[in-house]
**Student:** 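Pasting in a structure now, in structure tokens, and then I'll have a few things to ask.
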Number of protein chains: 2
Amino acid sequence: MIGIMKSMDRKEELLEQVVEHVLEHGLIGLTLRPLAAAIGTSDRMLIYHFGGRDELVAAVVARANDHSVAAVKSMEPAEDVRTGVEALWHAYREEPMHSCLQIYLQAAATGLIGMEPYRSVVRAANELWYAALRDYITACGAPPERAGRIATLVDSSLIGFHLDLATDRPDELATGVADLAVAAGAIAAA
Amino acid sequence: MIGIMKSMDRKEELLEQVVEHVLEHGLIGLTLRPLAAAIGTSDRMLIYHFGGRDELVAAVVARANDHSVAAVKSMEPAEDVRTGVEALWHAYREEPMHSCLQIYLQAAATGLIGMEPYRSVVRAANELWYAALRDYITACGAPPERAGRIATLVDSSLIGFHLDLATDRPDELATGVADLAVAAGAIAAA
DNA sequence: CCGAAAATGTAGCAGTCGCTACATGATCGG
DNA sequence: CCGATCATGTAGCGACTGCTACATTTTCGG
């Protein structure tokens, strides 16, 4: 029993290191041996603790999402919904959310074609994420009966903006986000 | 010279088959031998005609994007911007755009972490795509001086919605798209 | 019909993949 | 201090990767 506790600690320790590595080097194309070497262990041990590559990937995606969710939950509510959406976009582009969202995007794009475990873990992650977003929007003063609707719009749209961050010019995207924020505010005030 | 023309035809023929295969089986994890076997050739010939895996992938992403762009350009303009956005969303979920956008999403997510040739080819694809979107929105009656701004909002947001299509319930997303369409219409009419 | 060039087949190389069998070291309850 | 369980190192398996050298067939201008 105590041995199990010990192993859990070690697994947790490894997971944190793996997440850190994936945040920097990406999820797509992740393989065990280079990963293990980078964090000072062996593929043998990663499989021993996690059971296999798939389980490790699932744990990484879930953990990265936890970090994102925690970051949103730690945000101070803005004074209104429009300002809140702008604040969200600002948070999206800063660490730790920026890298965590990139992991999410990579996992979501992979899960898009039905590949497991990406599909399942992304589903679960998205639910937690959506709930956190809705709570924040509610805290910004949105009517509770419309917060979910606003969260749906903001969630999908901001993810899209974040994806385009790599190809578009940031200042152009900023006008798009501003328009989105106004729209969200209008729904809240309707 | 005529020989070169012939080889170009063969390359074109192969590319079309490769795109068709990728549309069904995804871009992430694509490898030459299973791909070649599926379309009745050999990895040897794919490399011979395209030069290497990277060039083949770049050609596939560009071609899939061409199909998406052509689909948008073939759309009848809607009577106003709001209706146009709804029509775009409808087109997003039907073939050929649905599968082509999934390829784009997979390439974009891969290019997000700087991987070539994904990064470059996605950049180029996005420019063509954005231009087609802006033209369509203009054709729907948006003031030319604001069409670009609307296209920025709609482009990023709809891509986000499409990504969430795999995890969220479609009817919930539909309300989000409806809200987006109203917002786009409001900007056009402002 | 011939010779060059293009196209394709055959076979394989060096490297990586996830994973596992086996043995050893570490830890700890009894 | 002993035996059991956990943790880790070593070595390697079979499969797959992109790619290439070499030989062959096919095509087509002259």
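In what follows, chains are A, B, ... by sequence order, proteins preceding strands, each numbered from 1.
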**Student:** Looking at A:Ala109, is its backbone amide N or carbonyl O close enough to the side chain of B:Gln106 to form a donor-acceptor pair, meaning the two atoms are under 3.5 Å apart?
**Tutor:**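 Pair absent, no side-chain N/O of B:Gln106 close to backbone of A:Ala109.
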**Student:** In whole Å, I'd like the distance from the OH atom of B:Tyr48 to the C1' atom of C:dA5.
**Tutor:**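 So the two atoms are 8 Å apart, to the nearest Å.
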**Student:** In whole angstrom, give the distance that lies between atom CE of B:Met45 and atom P of D:dT20.
**Tutor:**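 Roughly 14 Å, once rounded to whole Å.
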**Student:** Quick one: list whatever passes salt bridge (Lys or Arg N to Asp or Glu O under 4.0 Å) with B:Arg44, sequence neighbours left out.
**Tutor:**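 B:Arg44 satisfies salt bridge (Lys or Arg N to Asp or Glu O under 4.0 Å) with no other residue.
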**Student:** For DNA chain C, please output the secondary structure as dot-bracket, reading 5' to 3'. Pairs are Watson-Crick or G-U wobble, both atom distances under 3.5 Å; mark crossing pairs with [ ], other-strand partners with |, unpaired with a dot.
**Tutor:** ||||||||||||||||||||||||||||||
**Student:** Would you list the pairs meeting side-chain hydrogen bond (donor to acceptor under 3.5 Å, both in side chains) in which at least one residue belongs to residues 54-64 of chain B, sequence neighbours left out?
**Tutor:**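 Of all non-adjacent pairs touching residues 54-64 of chain B, those that pass side-chain hydrogen bond (donor to acceptor under 3.5 Å, both in side chains) are B:Glu12-B:Arg63, B:Glu16-B:Arg63.
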**Student:** List, by chain and number, the other hydrophobic cluster members for B:Val182, where Ile, Leu, Val, Met, Phe, Trp and Tyr join if side-chain heavy atoms come within less than 4.5 Å, directly or indirectly.
**Tutor:**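 Hydrophobic cluster check, B:Val182: no partners found.
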**Student:** Rounded off to whole Å, could you give me the CG-to-P distance for the B:Leu35 and D:dC16 pair?
**Tutor:**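 B:Leu35 atom CG is separated from D:dC16 atom P by 16 Å.
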**Student:** If the condition is side-chain hydrogen bond (donor to acceptor under 3.5 Å, both in side chains), which residues does B:Asn126 pass it with, not counting sequence neighbours?
**Tutor:**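 Testing B:Asn126 for side-chain hydrogen bond (donor to acceptor under 3.5 Å, both in side chains), a comparison that skips the adjacent residues, returns A:Thr167, A:Asp168, B:Tyr104.
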**Student:** Once rounded to the nearest 0.5 Å, what's the spacing between atom CG of A:Leu105 and atom SG of A:Cys100?
**Tutor:**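 If we round to the nearest 0.5 Å, A:Leu105:CG and A:Cys100:SG are 11.5 Å apart.
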**Student:** Rounded to whole angstrom units, what separation is found between the CD atom of B:Glu13 and the C1' atom of C:dT8?
**Tutor:**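 These atoms are roughly 14 Å apart.
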**Student:** Which letter, B, S or -, goes with each nucleotide of nucleotides 16-25 of chain C from 5' to 3', with contact meaning a protein heavy atom under 4.0 Å?
**Tutor:** -BBBBBB---
**Student:** Check the angle between the aromatic planes of B:Trp89 and B:Tyr92 and answer parallel, tilted or perpendicular using the 30° and 60° thresholds.
**Tutor:**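 Correct class here is tilted.
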**Student:** Please determine, by modelled atom types, if A:Ser120 and A:Glu116 share a side-chain donor-acceptor pair under 3.5 angstrom.
**Tutor:**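 On atom types as modelled, these side chains qualify, holding a pair under 3.5 Å.
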**Student:** Round to a whole Å and report the spacing from CG of A:Asp9 to C1' of C:dT27.
**Tutor:**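 After rounding, the gap between these two atoms is 14 Å.
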**Student:** Does D:dT8 have OP1 or OP2 under 4.0 Å away from a side-chain N or O of A:His49?
**Tutor:**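 Yes, within the criterion.
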**Student:** To the nearest angstrom, how far is B:Phe50 atom CZ from D:dG18 atom C1'?
**Tutor:**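 One finds 16 Å between C1' of D:dG18 and CZ of B:Phe50, rounded.
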